[in-house]
Amino acid sequence: AIRRQRQMCIRDSAIINQNSRESMINMEIVKYKPEYKNDFIRLSKNWITKYFALESDDFEVFENIDKLIKNGAMIYFAIENGVVYATCMAQPMTNDEWEICKLATDERYEGHGAGSAVFKVCMDYALENGANKLTILSNSILKPALHIYEKYGFYEIPVDNTHHYKRVDIQFEYTAK
């Protein structure tokens with residue numbers, strides 16, 4: 001049996017220790033820094049274009065990262081030995097509703113828990129900063145991502161169609177308790 005151990009804390013960074021049959025991975029979860037901006041864009045673009053086409057709203061996010069961060073959003077990265085494994089973003093939509101978006105993992109490192117780790121830290125960041133409701137727009141073919149959403153208590157709701165993404169066919173929500 002594979003025994004996995006994880007340690008997470010919400011700070012400027014956290015170390016994730018994960019044991020598996022193949023390797024020992026020590027990932028550091030770090031908040032957005034300008035030197036990781038291109039990694040966020042690269043991973044997000046690679047993940048999206050693996051399944052879909054980039055859309056105008058994607059480019060708007062990529063072109064306005066610093067402004068989004070200034071307005072309360074946060075991007076987290078799972079990094080080991082200077083290599084970015086995964087990234088995810090939490091951004092406020094209204095005073096108490098936040099979106100978790102742009103979850104992307106370098107496909108060479110899928111299955112190591114990096115995506116799950118950055119996703120959870122984004123969730124916690126949003127909740128600590130006043131979110132009562134978290135929303136995710138996704139697509140039903142993204143099975144690993146859907147598994148992560150459900151693992152952390154998100155539930156499917158009808159797609160509200162207030163977004164502009166053509167690829168969205170499923171929406172999830174999490175309500176703070």
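All residue numbers refer to positions in the sequence shown, counting from 1.
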Residue pair Phe52 / Ile141, side-chain heavy-atom distance below 4.5 Å: yes
Side chain to side chain donor-acceptor pair (under 3.5 Å) partners for Thr49, two or more places apart: none
Geometric class of the Tyr125/Tyr76 ring pair [parallel <30°, tilted 30-60°, perpendicular >60°]: perpendicular
Phe172-Phe154 aromatic ring centre distance below 6.0 Å: no
Residue pair Asn129 / Pro92, side-chain heavy-atom distance below 4.5 Å: no
Mutual orientation of the aromatic rings belonging to Phe59 and Phe62 [parallel < 30°, tilted 30-60°, perpendicular > 60°]: perpendicular
Distance-only donor-acceptor check, side chains Thr135 and Tyr174, under 3.5 Å: no
Residues forming a ring pair (Phe, Tyr, Trp, His ring centres under 6.0 Å) with Tyr36, sequence neighbours excluded: Phe77
Sub-4.5 Å side-chain heavy-atom contact between Ile136 and Gln171: no
Side-chain heavy-atom pair Met74, Lys31 within 4.5 angstrom cut-off: yes
Which atom of Ala86 lies closest to which atom of Thr105, heavy atoms considered: CB-OG1, 3.6 Å
Side-chain heavy-atom pair Leu68, Met89 within 4.5 angstrom cut-off: yes
Side chains of Leu103 and Val118 in contact at under 4.5 Å (non-hydrogen atoms): yes
Phe119 and Tyr149: CA distance, side-chain angles, deciding distance, ring pair (Phe, Tyr, Trp, His ring centres under 6.0 Å) verdict: CA-CA 9 Å; Phe119 181 85; Tyr149 308 154; 5.5 Å; yes
Heavy-atom neighbours of Asn95 CG exceed 12 at 6.0 Å: no
Leu54 with Leu43, same ILVMFWY side-chain cluster at under 4.5 Å: yes
Glu110 atom CD, neighbour heavy-atom count above 12 within 6.0 Å: yes
Qualifying salt bridge (charged side-chain N to carboxylate O under 4.0 Å, His left out) pairs, either residue in residues 60-77, two or more places apart: Lys37-Asp66
Listed partners of Phe40 passing ring pair (Phe, Tyr, Trp, His ring centres under 6.0 Å), at least two apart: none
Test salt bridge (charged side-chain N to carboxylate O under 4.0 Å, His left out) applied to Asp58 - qualifying residues, sequence neighbours left out: Lys102, Arg167
Salt bridge (charged side-chain N to carboxylate O under 4.0 Å, His left out) pairs, two or more places apart, involving residues 130-146: Glu97-Lys133, Lys133-Glu173
Worked verdict on Arg42 versus Asp106 for side chain to side chain contact (heavy atoms under 4.5 Å, CB included): CA-CA 9 Å; Arg42 175 184 54 82; Asp106 185 318; 3.9 Å; yes
Close side-chain approach of Ile29 to Ile79, heavy-atom, < 4.5 Å: no
Note, Thr87 side chain near Asp39 side chain (heavy atom, < 4.5 Å): no
Full working for side chain to side chain contact (heavy atoms under 4.5 Å, CB included) between Thr175 and Tyr155: CA-CA 9 Å; Thr175 305; Tyr155 50 90; 2.8 Å; yes
